[in-house]
Enquirer: 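Below you will find the structure I want to go over with you.
Reckoned from all heavy atoms, side chains included, excluding hydrogens, waters and symmetry mates.
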Amino acid sequence: MTALVDSLMKLPGVGAKTAARLAYHIVDMKAEDVENLAAAIRSVKSDTHSCAICFNTIDKSRDVCEICASIKRDDKIICVVKDSKDLDAIERAGFYTGKYHVTGGLISPLAGTTQEDIRLRELIQRVSENEIEEIIIAFEPTVEGDATSLFIARLLKPAGVKVTKLARGLSVGADFSGTDSLTLAKAIENRIPI
C-alpha cells in the first residue's frame with residue numbers, strides 16, 4: 001500500500017491525503033477494474049509517441065497527428081506550446097485554426113534545462129522550410145515561459161517571421177489545463193508582438 005501511495009504522489013496535484021484516498025479506492029475496486037487501470041497506464045507509455053512534425057503525443061499507429069495532417073488548418077501560423085497538455089487546452093477552446101509546435105519544455109537554468117534540451121532546432125527548421133507568417137508563443141506566464149519566449153523571438157526575428165505571444169489575460173503562474181476556454185480564446189485573439 002505504501003508503494004502505491006508513494007507512486008500516486010508523483011502525479012501532479014496529488015498530495016499524501018489524495019494519494020491515500022485513491023489507494024484505498026483501488027484496493028476496493030474489482031480485480032478486473034484494477035487490471036484494466038494498470039493496462040491503461042502501461043499502454044499510455046508503450047502505445048504513444050511524438051508526431052513527426054509538431055511533437056504532439058499521438059498513438060503509435062500514426063506518424064503524424066490529425067492536426068498536422070489536416071488540410072483545413074492554417075499552415076502559415078504555428079502556435080508554440082510547452083507540452084501536449086497545453087495544446088489540448090487550446091484545442092478544447094475551439095477557436096485556433098493553425099498548426100502547433102510542442103517544445104517539450106522551457107528554458108530553465110535553475111533546473112538545468114537549456115535551449116539545447118527543448119525542440120527549438122526543429123522549430124527553426126520548420127520556419128525555414130515552410131512559408132510561416134506568424135509564430136504564436138503560448139507559454140504559461142512564468143519566468144521560464146517569458147525567458148523562453150524572448151529567446152525564440154530573438155531566434156526567429158531575422159527570418160522575418162511575425163512573433164507574438166498570448167495576451168496577459170492569463171494569470172501569472174496559470175496552468176492552461178485549468179484555464180477556461182474564454183480566457184484562452186481572448187489571450188490568443190489579443191496576442192501581442194514580442
Side-chain angles (χ1 to χ4, degrees), residues 12 44-93 95-168 170 172-177 179 184 187-188 191-194:
V44 81
K45 288 303 276 181
S46 63
D47 296 344
T48 60
H49 70 127
S50 296
C51 171
I53 297 172
C54 74
F55 303 99
N56 186 16
T57 302
I58 59 173
D59 291 333
K60 279 198 175 173
S61 62
R62 304 182 63 134
D63 290 329
V64 176
C65 72
E66 291 178 14
I67 296 168
C68 287
S70 174
I71 58 171
K72 294 180 180 178
R73 304 296 290 235
D74 188 343
D75 289 333
K76 296 182 184 315
I77 301 174
I78 296 176
C79 183
V80 180
V81 295
K82 179 180 74 171
D83 53 34
S84 294
K85 178 182 69 161
D86 293 344
L87 184 155
D88 287 342
I90 293 171
E91 280 299 293
R92 274 194 315 274
F95 57 88
Y96 177 68
T97 59
K99 304 269 177 122
Y100 291 93
H101 183 85
V102 179
T103 62
L106 300 172
I107 297 170
S108 176
L110 292 176
T113 307
T114 69
Q115 63 270 18
E116 299 296 321
D117 299 318
I118 61 177
R119 297 183 192 101
L120 296 183
R121 272 186 244 99
E122 294 87 347
L123 176 61
I124 293 166
Q125 183 177 350
R126 283 181 74 184
V127 169
S128 68
E129 293 176 356
N130 299 283
E131 295 179 19
I132 305 301
E133 294 176 358
E134 182 179 6
I135 296 291
I136 303 169
I137 300 176
F139 294 142
E140 296 164 352
T142 61
V143 172
E144 294 83 3
D146 288 344
T148 307
S149 297
L150 288 172
F151 188 83
I152 291 171
R154 287 188 190 126
L155 285 175
L156 295 178
K157 281 199 178 180
V161 176
K162 179 180 178 182
V163 180
T164 60
K165 67 178 181 176
L166 297 184
R168 289 295 191 193
L170 300 171
V172 174
D175 179 16
F176 283 167
S177 62
T179 303
L184 275 174
I188 287 270
R191 58 192 179 269
I192 54 177
I194 296 179

Enquirer: May I ask you to decide if C68's main-chain N or O and R73's side chain share a donor-acceptor pair within less than 3.5 Å?
Expert: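 No, the answer is negative, given that no donor and acceptor are paired below the 3.5 Å cut-off.
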Enquirer: What's the spacing between T179 OG1 and E140 CD if we round to 0.5 Å?
Expert: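 Here the rounded value is 8.0 Å.
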Enquirer: Applying salt bridge (charged side-chain N to carboxylate O under 4.0 Å, His left out), name anything that partners E66, two or more places apart in sequence or on another chain.
Expert: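 Here the qualifying residues are R62.
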Enquirer: What ring-ring contact (aromatic ring centres under 6.0 Å, His included) pairs are there with at least one residue in residues 97-133, not counting sequence neighbours?
Expert: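 Counting only pairs at least two positions apart or across chains, the ring-ring contact (aromatic ring centres under 6.0 Å, His included) contacts touching residues 97-133 are F55-H101, Y96-Y100.
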Enquirer: How many angstroms lie between atom NE2 of H49 and atom CG of D63, to the nearest 0.5 angstrom?
Expert: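 Taking NE2 in H49 and CG in D63, the distance rounds to 6.0 Å.
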Enquirer: Do you know which two heavy atoms are closest between P141 and D146, and how far apart they sit?
Expert: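 Nearest pair, atom of P141 first, then D146: CA-OD1, 4.5 Å.
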Enquirer: Might you point out which heavy atoms bring F95 and L184 nearest each other, and give the distance in Å?
Expert: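 So the two residues come closest at CZ-O, 3.4 Å.
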Enquirer: Ignoring hydrogens and angles, write down the donor-acceptor pairs under 3.5 Å from the side chains of residues 105-112, residues two or more places apart or on other chains.
Expert:
{"from": "S108", "atom 1": "OG", "to": "A111", "atom 2": "N", "distance (Å)": "3.4"}

Enquirer: Tell me, please, which residues at least two apart from T114 pass side chain to side chain donor-acceptor pair (under 3.5 Å).
Expert: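 Side chain to side chain donor-acceptor pair (under 3.5 Å) list for T114, sorted by chain: D117.
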Enquirer: Return the set of residues passing side chain to side chain contact (heavy atoms under 4.5 Å, CB included) with D75 (not counting sequence neighbours), or none when no residue passes.
Expert: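 Per chain and number, D75 pairs via side chain to side chain contact (heavy atoms under 4.5 Å, CB included) with K99.
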Enquirer: I'd like to know whether T103 forms a side-chain contact (heavy atoms from CB on, under 4.5 Å) with L123, so could you lay out the CA-CA distance, the side-chain angles of the two residues, the decisive distance to 0.1 Å, and finally the verdict.
Expert: CA-CA 8 Å; T103 62; L123 176 61; 5.7 Å; no
Enquirer: Please answer whether the main-chain N or O of Q125 pairs with a side-chain N or O of S128 as donor and acceptor at a distance below 3.5 Å.
Expert: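 At least one qualifying donor-acceptor pair exists.
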Enquirer: Would you say that more than 12 heavy atoms from the other residues, nucleotides or ligands in this model lie under 6.0 Å from the NZ of K45, or not?
Expert: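 At most 12 heavy atoms, drawn from other residues, nucleotides or ligands, come within 6.0 Å of this atom.
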Enquirer: Could you pull out the closest heavy-atom pair between V64 and A69, with the gap in Å?
Expert: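 Scanning both residues completely, I find the closest heavy atoms to be CG1-N, 3.9 Å.
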Enquirer: Apply side chain to side chain contact (heavy atoms under 4.5 Å, CB included) to D47 and list each qualifying residue two or more places apart in sequence or on a separate chain.
Expert: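 Only S43 meet the side chain to side chain contact (heavy atoms under 4.5 Å, CB included) criterion with D47.
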Enquirer: What distance separates T97 OG1 from K72 NZ, expressed to the nearest 0.5 Å?
Expert: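 It comes to 12.5 Å.
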Enquirer: For E131, enumerate each residue passing the side chain to side chain donor-acceptor pair (under 3.5 Å) test, keeping only those at least two apart in sequence or located in another chain.
Expert: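 So E131 forms no side chain to side chain donor-acceptor pair (under 3.5 Å) with any residue.
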Enquirer: Between S50 and R119, what is the shortest heavy-atom contact and its length?
Expert: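 Distance-wise, the nearest heavy atoms are OG-NH2, 4.0 Å.
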Enquirer: With a 3.5 Å cut-off and sequence neighbours excluded, list the donor-acceptor pairs that the side chains of residues 83-90 form with protein atoms.
Expert:
{"from": "D83", "atom 1": "OD1", "to": "K85", "atom 2": "N", "distance (Å)": "3.3"}
{"from": "D83", "atom 1": "OD1", "to": "D86", "atom 2": "N", "distance (Å)": "3.0"}
{"from": "S84", "atom 1": "OG", "to": "N56", "atom 2": "OD1", "distance (Å)": "2.8"}
{"from": "S84", "atom 1": "OG", "to": "T57", "atom 2": "N", "distance (Å)": "2.9"}
{"from": "S84", "atom 1": "OG", "to": "T57", "atom 2": "OG1", "distance (Å)": "3.1"}
{"from": "K85", "atom 1": "NZ", "to": "D175", "atom 2": "OD1", "distance (Å)": "3.2"}

Enquirer: Evaluate D59 against T48 for side-chain contact (heavy atoms from CB on, under 4.5 Å), listing each step before the verdict.
Expert: CA-CA 4 Å; D59 291 333; T48 60; 4.3 Å; yes
Enquirer: For R121, which residues count as a salt bridge (charged side-chain N to carboxylate O under 4.0 Å, His left out) partner, sequence neighbours excluded?
Expert: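 R121: salt bridge (charged side-chain N to carboxylate O under 4.0 Å, His left out) contacts with E116.
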Enquirer: List the atom pairs, with distances to 0.1 Å, where a side-chain N or O of residues 154-166 and a protein N or O form a donor-acceptor pair under 3.5 Å, not counting sequence neighbours.
Expert:
{"from": "K157", "atom 1": "NZ", "to": "I194", "atom 2": "O", "distance (Å)": "2.4"}
{"from": "T164", "atom 1": "OG1", "to": "E134", "atom 2": "OE2", "distance (Å)": "2.8"}

Enquirer: Looking at CD of E122 and CD1 of I53, how far apart are the two atoms once the value is rounded to the nearest 0.5 Å?
Expert: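 The CD1 atom of I53 is 13.0 Å from CD of E122, to the nearest 0.5 Å.
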Enquirer: Roughly how far, to the nearest 0.5 Å, is the OG1 atom of T113 from the CD1 atom of I118?
Expert: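 So the gap between those two atoms works out to 8.0 Å.
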